[in-house]
Amino acid sequence: MGVSGSGKTAVGIQLARDLDWKFFDGDDFHSPANVERMAHGIALTDEDRLPWLEELARLISEIFSQGKSAVVACSALRRSYREILRGGSDAVRFVYLKGSPELIRHRLRGRAGHFFDPRLLASQFDTLEEPPEAMIIDVSPPVAVIVAQIRVALGL
């Protein structure tokens with residue numbers, strides 16, 4: 001979890017690959033209307049996000065019901081969003097990819113082909129409720145270092 005540009009996809013893909021787990025990018029589950037809003041610099045409301053969060057929560061529940069594990073990349077900026085995703089399961093673990101606004105802004109400037117309008121970054125930091133319940137990982141090191149830190153912290 002983390003703001004856009006924190007490395008959720010890059011880290012998630014590598015972590016899932018290393019663990020031989022499936023990877024799911026929460027961005028792939030946004031409705032076309034939400035993608036359109038974000039592409040035009042319009043921040044999503046809680047009402048906009050709710051169906052998306054509920055769909056991701058169903059996905060997570062389905063993964064667990066099959067006795068499997070997976071990596072799901074999702075902003076999960078508010079505690080209430082994380083509670084929806086958790087679905088009452090203690091098995092859901094959150095990794096907060098934390099970076100300074102300056103670092104994230106720099107990354108977003110170099111990113112191409114993504115619908116997220118970088119002007120929305122401030123609204124994401126405003127919405128962010130840093131999670132005391134999550135493992136907090138600094139995103140300045142290379143992806144391989146971050147993945148290794150996560151694996152150690154999760155005992156994987």
Side-chain angles (χ1 to χ4, degrees), residues 1-39 43-99 104 107-108 111 113-117 120-121 123-125 127-156:
M1 61 148 295
V3 298
S4 187
S6 62
K8 296 181 300 291
T9 301
V11 170
I13 287 170
Q14 187 60 53
L15 180 62
R17 185 177 296 136
D18 287 0
L19 297 172
D20 198 27
W21 291 357
K22 284 193 173 188
F23 172 76
F24 298 92
D25 192 332
D27 285 346
D28 296 337
F29 293 80
H30 275 297
S31 70
N34 282 357
V35 169
E36 186 73 15
R37 283 183 190 94
M38 288 185 281
L44 299 181
T45 65
D46 285 352
E47 293 77 19
D48 294 329
R49 286 185 182 96
L50 185 58
W52 172 68
L53 290 164
E54 289 172 338
E55 184 172 354
L56 289 172
R58 280 190 296 276
L59 170 69
I60 293 166
S61 177
E62 181 180 313
I63 291 164
F64 283 141
S65 72
Q66 296 170 0
K68 297 182 180 181
S69 297
V71 176
V72 179
C74 174
S75 54
L77 299 175
R78 292 188 194 271
R79 182 181 190 96
S80 61
Y81 304 167
R82 295 187 292 275
E83 289 307 312
I84 291 169
L85 294 169
R86 184 180 304 282
S89 172
D90 291 335
V92 175
R93 304 288 303 273
F94 289 96
V95 176
Y96 169 36
L97 300 179
K98 182 177 182 173
I104 303 298
R107 287 182 173 186
L108 288 175
R111 183 163 78 173
H114 194 277
F115 61 81
F116 184 82
D117 185 325
L120 291 173
L121 183 60
S123 74
Q124 286 211 328
F125 274 106
T127 301
L128 176 64
E129 295 172 356
E130 292 203 356
E133 75 278 13
M135 170 187 331
I136 300 174
I137 302 289
D138 174 32
V139 298
S140 349
V143 169
V145 172
I146 294 169
V147 169
Q149 290 174 343
I150 294 168
R151 290 188 67 180
V152 167
L154 291 176
L156 301 170

Quick one: are Pro131 and Phe94 in side-chain contact, heavy atoms under 4.5 Å?
no

CG/Leu154 to CG/Leu19 distance, rounded to the nearest 0.5 angstrom?
8.5 Å

Counting distance only, does the side-chain N/O of Arg86 pair as donor-acceptor with the main-chain N or O of Val92 below 3.5 Å?
yes

Between the CD atom in Glu54 and the CG atom in Leu50, the distance rounded to the nearest 0.5 Å is 4.0 Å

Hey, is the main chain of Leu77 close enough, under 3.5 Å, to the side chain of Arg82 for a donor-acceptor pair?
yes

Examine distances only and state if a side-chain atom of Arg79 and a backbone atom of Glu129 form a donor-acceptor pair shorter than 3.5 Å.
no

Gly2 backbone acceptor or donor facing Lys8 side chain under 3.5 Å:
yes

Would you please test Ile63 and Leu59 for side-chain contact (heavy atoms from CB on, under 4.5 Å) and show each step?
CA-CA 6 Å; Ile63 291 164; Leu59 170 69; 3.9 Å; yes

Spacing of Leu128 atom CG and Ser75 atom OG [to the nearest 0.5 Å]
9.5 Å

Nearest heavy-atom neighbours spanning Arg107 and Gly7
NH1-N, 4.0 Å

Between Ser61 (side chain) and Ala57 (backbone), is there a donor-acceptor pair under 3.5 Å?
no

Contact between Phe23 and Leu15 at the side-chain level, heavy atoms closer than 4.5 Å - yes or no?
no

Heavy atoms of other groups near Arg151 CZ, more than 12 under 6.0 Å
yes

To the closest 0.5 Å, what do you measure between NZ (Lys98) and CG (Asp138)?
9.0 Å

Between Cys74 and Leu85, is the side-chain contact (heavy atoms from CB on, under 4.5 Å) condition met? List the steps.
CA-CA 9 Å; Cys74 174; Leu85 294 169; 3.8 Å; yes

For the residue pair Gln14 and Val143, what are the closest heavy atoms and their distance?
CB-CG1, 4.0 Å

Nearest heavy atoms of Phe24 and Ala70, plus distance in Å:
CE1-CB, 3.9 Å

Calculate, to the nearest 0.5 Å, the distance between atoms CG and CG belonging to Leu156 and Asp18 respectively.
10.5 Å

Begin with the C-alpha distance, continue with both residues' side-chain angles, and end with the deciding distance and a verdict on side-chain contact (heavy atoms from CB on, under 4.5 Å) for Val139 and Val11.
CA-CA 9 Å; Val139 298; Val11 170; over 6 Å; no

Determine whether Asp46 and Tyr81 satisfy the following criterion, side-chain contact (heavy atoms from CB on, under 4.5 Å), listing intermediate values before the conclusion.
CA-CA 9 Å; Asp46 285 352; Tyr81 304 167; 2.3 Å; yes

Ser65: side-chain hydrogen bond (donor to acceptor under 3.5 Å, both in side chains) partners, not counting sequence neighbours:
none

Summary of ring-ring contact (aromatic ring centres under 6.0 Å, His included) pairs that have at least one residue in residues 48-73, sequence neighbours excluded:
His30-Trp52

At what distance, to the nearest 0.5 angstrom, does CG of Asp48 lie from CE of Met38?
9.0 Å

Could you pull out the closest heavy-atom pair between Leu44 and Arg49, with the gap in Å?
O-NH1, 2.9 Å

